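Each remark here refers to the structure printed beneath this line.
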There are 2 protein chains.
Amino acid sequence: MLNDKLDAIAAAGFDGIEIFDNDLVASPLSPREVAAHCAELGLSIDLFQPVRDIEGVAPERFPAVLHRVQRKLEVMTELGATVFLACSNALPDAIDDTELSAEQLHAVGDLAASFGVTVAFEALAWGRHIDRVGQAWAVVEQADHPAITLAVDTFHMLARGDDGAALAGIPGDRIGFLQVADAPVLDMNVLEWSRHFRCFPGQGTLDVAGVVAAVLGSGYTGPVSLEIFSDVVREADPFVTARDAMRSLVFLEDQLGERLSGPVREKISAAPPVPKRTDVAFVELAAPAGSAYAELLTGLGFHIAGRHRSKPVVRWSNGGADVVLNEQPAPGPAATALGLVAPPVSDVAERAAALLWPAVDRTRGAGEADLPGITSPSGLHVFVSSEPGDADDWRTDFVPSTDAAQELGWLGLDHVDMTVPADELNQELSFFRTLFGLEPEAPEEYIQPQGRLRIRALRARKGNLRVALNVSETGPDVPQRHGISQLAFATTDVVAEVRRARSRGVEFLAPPENYYVDLDARFILEPGLLDTLREHGLLYDRVGDGELFHAYTLPVPGGFQVELLERRGGYDGYGASNTHVRLAAPR
Amino acid sequence: MLNDKLDAIAAAGFDGIEIFDNDLVASPLSPREVAAHCAELGLSIDLFQPVRDIEGVAPERFPAVLHRVQRKLEVMTELGATVFLACSNALPDAIDDTELSAEQLHAVGDLAASFGVTVAFEALAWGRHIDRVGQAWAVVEQADHPAITLAVDTFHMLARGDDGAALAGIPGDRIGFLQVADAPVLDMNVLEWSRHFRCFPGQGTLDVAGVVAAVLGSGYTGPVSLEIFSDVVREADPFVTARDAMRSLVFLEDQLGERLSGPVREKISAAPPVPKRTDVAFVELAAPAGSAYAELLTGLGFHIAGRHRSKPVVRWSNGGADVVLNEQPAPGPAATALGLVAPPVSDVAERAAALLWPAVDRTRGAGEADLPGITSPSGLHVFVSSEPGDADDWRTDFVPSTDAAQELGWLGLDHVDMTVPADELNQELSFFRTLFGLEPEAPEEYIQPQGRLRIRALRARKGNLRVALNVSETGPDVPQRHGISQLAFATTDVVAEVRRARSRGVEFLAPPENYYVDLDARFILEPGLLDTLREHGLLYDRVGDGELFHAYTLPVPGGFQVELLERRGGYDGYGASNTHVRLAAPR
């Protein structure tokens, strides 16, 4: 295992590693063998963390601490590691006495110095008495030993409510190590949170960059080290994890702007920034012979707007909404790709490469647009187009059809729902965040008939792209379909659109009568409005002055649903309060 | 879905139900149709909880509350339900004014009374201002309306640190409803805890019985209703859930002793109590031709102690340890069953039936012992035997062999580890707790190479049975083997036993040298002791004055490992600190 991790870390381009003692203790490799393997791979061993609870210890038990430290310093000599991480004492019987802690750290410092080792002392967020970085720094100052320095860990600081300001006045040369980790904000025991949900920068929502900027601002020039504990990472292939780790540093670099320097900066060629705005261009459906998508689109009011210059691919439009039917042979009908307008396209392609996202495809026919194709971790194909009028506008690949009058009812694609496996959620979030700079919204959860549905929505800071990632946590016996599960189109008159689509044979979910009784109880609707909703099988939500009217088709071939919606009065959500009705509706 | 749940609840023998409004709103059945179906099934609708946040509301918005309540009371008329559950306001803008809340509840009471309905008011553990049962009772008293009563929920009370004493002085006829739920103790946000981990009594560790006893002691004679929210229950078959629910009431009944009365008492024929003590009798291995178990047992120092009177089943002994080899044809070698001494056996069989545990097998040959066979939810066969000397002692089924001298080195089976699927853990815990009265120990967690290992150990209150349930949370790509994963035997001289077994060809896990360096760092061992541990590949742990010496064989056919251990100085654990070394050891 340790060997696999080392290989993966080296392959992702890292300079060095931390060794967690459990990995070493359980390894058949001797410390010298580990050191030799790291040397072959070009990895330095930047940190070792072998002993817990070394200060705030009852004086009669301190000799045993020094014994433990000495034995581990001998191991460090064999490893060739020179920084020793010591966390604040987390034992229930730790003694609350700064002076004692400082004295004991001083003694540990003497011992470490005799081995040429520096100790970096860290305030664990769940330390018994020392759990804030300011307290750890006070003890380090009082220990007053050149081999005793402060370790900064973004997670432990942010988990306790500290930010970069807590480091004000600490000289960079007294910071012995910097560990970075992010986490989703969860209101739970900090130890459990830390053990199971710590994640790479960009996968969580803590202000990691703020702390890193403060550390770099202090003059610190040591390594930036990622220290993550999470169930997802433990279960993942170490090569996948190492790539995630490296791309999280690119994300961190973006956030730091020009403030980052030192080894990380040198290692990573600065990637182009995220696109200034990201808008939806089209959805692509794989439509092999017999797919029935042409009938569906016709029923929904789309018309053929163009045909691809070199491939059996047809552009269908309805006002601002575009769907591309790829009629080439395919395993079956499915929603497979999303086209985005995110200029300049070559920057996006270059950024994807720097982020180690795989499979950037830039093949194209003569005279066709450069539409880099990038595949998300869960398998969604994303094509990146330039703006209308530009040579690399996707529309230029299509010869316009003039055989249908253009209808103007639809505004465009409002959002896309994708179902991803639970263990791929962090990666998929990271894909949209790191490549396009999408912002995650608060997680939502629903009860569905066979388990829990978790939704993480993301939206472009500028531009209209919205993607909602769904994780369906069902028992092992329920088969799961992954991929695009919903295409939501915005209209200006959803009642008229649903009526027209129904008259053309499109089938919609029918909410039960109990739903309308409940709507009336909740919202005191005008009788006329309630009748309209009931007649057309529409769902309704209201938040403040904003209203949402929406309807879902039955699942279509390929397993997704089409949602038609109309937003009024600035309604900005997704109809969350109706989710249980949609999920329980008979299929 | 609602229909399925109703059928399952009726099949498990319940008298009545609560309806959660989301289930009704999403149902195609009208309230009258639901009522008719319940009537057919003999289920009363004891509670409906349709409206949240009805008190502590800004006065100008209170008419809308009354509108919601009125509409839902109309639905209740159609359902034929007469108790309306109202939870304390949990909205951020709830107003902290007891008088206002009482006034508003009084108005709701007038409305409810006009429909013949009683309101039961509950303090949600995450209510904005009212989150303790005492506060809810104060508001109910102040509301001073016959249709406004107190709802007691064991979970919400215990989650906030209240126990039965908090109900002192509340008259039983002012308690309008009793909901019971248990939970494992987890230090996390109470709302998340409540939504995902609430479980049936006996699956968690809260003192549910204490609160129920207090409610019954007050003179309350209404329903005892199970209200559970958990991810596991959501994903499970409703018929499984309903049986779990019913058996949890038997468990609750045990704990209440004679204090329980009313409908629950009438419904459930009082089951015999849990056995006074539960000891291990034997482990049974399926040993079809070619299984190699005879060689393994010989290598470990077992000898043939007897042969079954009517079947090709052989008893092997080593001191106090017994292993039974079942040589009948089987799909493959495996550890399949556990024999327990838990007299009187007929009580255990009857109790298992009352608890709805399936598959009690009491077939036996002429003159053979009555050994009821009960299958645990995860598939372990458990045979229940009487004590030595009794007619139903399992040993009487074996004709003693006299061809081998009895060795006396082993004390017996110390504990058994079983790996169960994550979604079956609660049920398996419930099996051992409800049937044999085993006590759960604190949950433990380890990191293994491919994910997280969770361990829940249980032990008999009296008797030597210890079972550790393991849940291995790995990614979807790692195949899992379920069933017995470890048989740990206690010895008085594990060094001698391991030496002898090795000399007879049994292969043991070899901890790496790094492990011994670490042991020395942690414990300052005498050099001689360290050499002995290293020489024999033993693992070591120390807690206070207690010491554990132990060793694991490599996995044997059937996929389990045999552990040999020696406890000294009252060591009472399982060597938890060595788990990561065992898990990382090459297989």
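Lettering follows sequence order; numbering is per chain, from 1. Note that this is a predicted model, so its numbers are computed, not measured.
For the pair B:R61 and B:D53, the salt-bridge criterion is not met [side-chain N within less than 4.0 Å of a carboxylate O]. With salt bridges taken as basic N to acidic carboxylate O contacts below 4.0 Å, none links B:R534 and B:D520.
Interface remark: A:P50 contributes no atoms to any contact with chain B (heavy atom separation under 4.5 Å). At a 4.5 Å heavy-atom cutoff, B:L519 makes no contact with chain A through either its backbone or its side chain. Contact annotation for B:P511: neither backbone nor side-chain heavy atoms come within less than 4.5 Å of a heavy atom of chain A.
Side-chain polar atoms of A:N578 and A:Y540 form no donor-acceptor pair below 3.5 angstrom.
Proximity of A:V69 to A:K72: side-chain heavy atoms (C-beta onward) are nowhere separated by under 4.5 Å.
Interface remark: of the candidates A:Q70, A:E74, A:E513, A:H67, A:H67 forms the most heavy-atom pairs closer than 4.5 Å to chain B.
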